[in-house]
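Because the structure is a prediction, the values reported are computed rather than measured.
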Amino acid sequence: MKTNQFTMQDPRSQYQMGQTEKDSEQPDPGLDEILEPTADHGENTYVGSDRLKGRKALVTGGDSGIGRAVAIAFAREGADVVINYLASEETDAQETLDILKASGSNAWGIAGDVSDEEFCHSLVSHSVEKLGSIDILVNNAGKQQFVDDLEDLSTEQFCQTYATNVFGMFWITKAAVKHMPPGASIINTTSIQSYQPSAGLLDYASTKGAITSYTKSLAKMLIDKGIRVNGVAPGPIWTPLQQSGGQPAKKLPKFGENVPIGRPGQPAELAPVYVYLASQESSYVTAEIMGITGGQHLP
Ligand code: NAD
Ligand code: MG
């Protein structure tokens with residue numbers, strides 16, 4: 001029998017990854033194309049049921065990892081999707097767009113850097129040209145570079161992590177809200193790092209703390225327009241972000257094994273919560289952060 005996201009099974013053994021296989025590294029930004037072992041984005045398993053029929057979605061960082069899984073699930077639920085990514089990620093983006101189109105969705109890619117305010121404005125205006133409106137905005141693009149010693153953490157990296165993870169989200173949201181009708185949903189990707197920050201991720205963890213507070217404050221502002229705003233806080237998820245400097249090389253083999261479920265999560269395991277938060281099923285949910293952490297749990 002073909003399995004899908006509903007198939008009952010033991011979550012501990014749902015995915016098996018060897019430690020030695022997890023130790024490869026790649027340059028930043030990482031690519032799914034060369035991620036070893038490969039990740040599951042629900043390509044072969046996510047089955048939709050019109051939960052987002054006719055909705056128009058913009059997903060940043062939609063080429064790979066969590067963003068790719070979210071874009072696939074949205075497309076299978078009947079949404080049209082624009083994905084944003086960096087120009088150097090074109091191969092991942094094209095693969096994602098092929099899957100979205102094969103799922104029956106209208107899908108477009110827009111390359112560009114969300115740490116640039118002007119690009120954020122043009123991303124929103126071009127998305128609206130293609131989609132007609134924005135019903136779902138997923139601010140998911142993120143930069144994570146591990147630096148062990150405070151002395152080695154440069155001002156340039158600190159500012160670039162903030163510009164990518166926090167400022168971009170502000171610029172895109174501010175431009176997008178004008179095109180969002182009542183019933184629309186904004187979903188920001190924060191992190192377990194917002195609640196349990198690691199040494200070595202000073203810039204990254206603190207951006208995620210900012211995103212958590214930003215999400216709750218924005219939710220209280222935008223409910224006046226009928227727009228809900230929530231966040232998702234992933235635990236350790238197997239994506240190119242981790243192999244491309246997000247984790248120190250020595251930590252990669254055991255990545256994700258210290259959580260109660262005992263293994264890293266896969267992007268496919270995140271997508272259903274984004275679908276829930278995007279759809280009308282979550283009509284009474286705003287200013288909330290949903291943890292998908294393998295049992296590490298939010299406070
Ligand atoms: P990923 O590398 O697949 O996705 C991150 C994406 O961010 C990239 O694909 C890239 O397109 C985009 N990006 C980075 N810098 C950008 C820039 N300047 N302009 C435009 N796009 C840019 O990795 P992922 O793990 O799927 O990351 C998605 C989100 O999940 C990020 O916000 C990350 O912080 C968050 N997250 C990941 C984990 C994890 O363990 N993988 C845990 C918690 C939170
Ligand atoms: Mg990518």
Side-chain angles (χ1 to χ4, degrees), residues 27-33 56-68 70-71 74 79-97 100 106-145 154-180 184-191 203-204 206-208 210-211 214-215 218 222 227 229 231 239-241 244-246 274 278:
D28 172 44
L31 292 178
D32 260 328
E33 194 188 14
K56 313 290 179 187
L58 168 58
V59 181
T60 68
D63 58 304
S64 60
I66 295 166
R68 177 187 282 188
V70 169
F74 283 4
D80 290 339
V81 183
V82 169
I83 58 166
N84 156 252
Y85 49 92
L86 288 164
S88 60
E89 300 173 306
E90 192 62 43
T91 50
D92 275 1
Q94 286 308 325
E95 183 169 343
T96 302
L97 289 168
L100 303 185
N106 293 310
W108 298 270
I110 301 178
D113 184 341
V114 301
S115 70
D116 173 346
E117 182 172 6
E118 253 178 64
F119 170 73
C120 291
H121 296 163
S122 86
L123 171 64
V124 170
S125 59
H126 285 122
S127 298
V128 172
E129 270 169 32
K130 294 182 189 319
L131 294 167
S133 68
I134 299 179
D135 304 321
I136 305 163
L137 169 62
V138 179
N139 288 303
N140 168 74
K143 176 181 172 64
Q144 176 182 334
Q145 286 292 301
S154 66
T155 299
E156 188 193 6
Q157 174 171 326
F158 201 87
C159 291
Q160 187 57 30
T161 305
Y162 268 77
T164 305
N165 297 8
V166 183
F167 301 166
M169 177 175 291
F170 168 62
W171 293 322
I172 292 169
T173 304
K174 198 173 162 188
V177 160
K178 301 181 184 76
H179 306 282
M180 300 186 86
S185 169
I186 298 174
I187 307 163
N188 299 326
T189 304
T190 178
S191 172
D203 52 341
Y204 176 83
S206 58
T207 65
K208 293 299 180 178
I211 291 168
Y214 169 97
T215 299
L218 187 69
L222 291 188
I227 299 171
V229 186
T239 70
L241 191 79
S244 55
Y274 286 82

Inset, instruction - With the side chain counted from C-beta on, respond yes when Tyr85 and Asp92 share a heavy-atom pair under 4.5 Å apart, and no when they do not. - result: no
Legend entry - Any Asp32 side-chain heavy atom under 4.5 Å of Glu95 side chain: no
Inset, instruction - Indicate yes or no: at least one non-hydrogen side-chain atom of Asp203 is less than 4.5 angstrom from one of Thr207. - result: no
Inset, instruction - Determine which pairs satisfy salt bridge (charged side-chain N to carboxylate O under 4.0 Å, His left out) with at least one residue from residues 115-129, sequence neighbours left out, and list them in order. - result: none
Legend entry - Contact summary for Pro29 and Glu89, nearest pair of heavy atoms: CB-OE2, 3.7 Å
Legend entry - Closest non-hydrogen atom pair between Ser206 and Phe158, with its separation: OG-CZ, 4.3 Å
Legend entry - Considering all heavy atoms, the nearest Gly62-Thr96 contact: O-CG2, 3.4 Å
Legend entry - Verdict with supporting geometry, Met180 and Ile186, side chain to side chain contact (heavy atoms under 4.5 Å, CB included): CA-CA 9 Å; Met180 300 186 86; Ile186 298 174; 3.7 Å; yes
Legend entry - side chain to side chain donor-acceptor pair (under 3.5 Å) against Ser64, all qualifying residues, sequence neighbours excluded: none
Inset, instruction - Check for a donor-acceptor pair, side chain of Asp63 on one end and backbone N or O of Leu86 on the other, with a separation under 3.5 Å. - result: no
Legend entry - Nearest-0.5 Å distance that lies between atom NZ in Lys130 and atom CD1 in Ile110: 5.5 Å
Legend entry - Residues in side chain to side chain donor-acceptor pair (under 3.5 Å) contact with Asn106, at least two apart in sequence or another chain: Asp80
Legend entry - Thr190 side chain to Asn188 side chain, donor-acceptor N/O pair below 3.5 angstrom: no
Inset, instruction - Considering non-hydrogen atoms only, spot the tightest contact between Ile211 and Thr215 and give its length. - result: O-OG1, 2.7 Å
Legend entry - Separation between CZ of Phe74 and CD1 of Ile83, rounded to the nearest 0.5 Å: 13.0 Å
Legend entry - Under the side chain to side chain donor-acceptor pair (under 3.5 Å) test, residues paired with Thr173 that sit two or more places apart: Asn139, Tyr214
Legend entry - Residues which pass side chain to side chain donor-acceptor pair (under 3.5 Å) with Ser125, listed by chain and number, not counting sequence neighbours: none
Legend entry - side-chain contact (heavy atoms from CB on, under 4.5 Å) partners of Ser191, counting only residues at least two apart: Gln193, Tyr204, Lys208
Legend entry - side-chain contact (heavy atoms from CB on, under 4.5 Å) partners of Ser115, counting only residues at least two apart: Asp113, Gln160, Ala163, Thr164
Legend entry - All ring pair (Phe, Tyr, Trp, His ring centres under 6.0 Å) counterparts of Phe170, not counting sequence neighbours: none
Legend entry - pair Lys178-Val124: side-chain heavy atoms closer than 4.5 Å: no
Legend entry - Contact check, side chains of Leu123 and Thr60, non-hydrogen atoms, under 4.5 Å: yes
Legend entry - Ser127 and Trp108, any side-chain heavy atoms less than 4.5 Å apart: no
Inset, instruction - With sequence neighbours left out, write down each residue that passes side-chain contact (heavy atoms from CB on, under 4.5 Å) with Ala107, or none if nothing qualifies. - result: Leu97, Leu100, Lys101, Ser105
Legend entry - Leu31 side chain reached by Pro240 side chain, heavy atoms, under 4.5 Å: no
Inset, instruction - For residues Ala111 and Glu90, report the shortest heavy-atom separation together with the two atoms involved. - result: CB-OE1, 4.5 Å
Legend entry - Partners passing side-chain contact (heavy atoms from CB on, under 4.5 Å) against Thr189 (at least two apart in sequence or in another chain): Asn140, Pro234, Tyr274
Inset, instruction - Search all heavy atoms of Asn165 against all heavy atoms of Lys143 and return the closest pair with its distance. - result: OD1-N, 2.8 Å
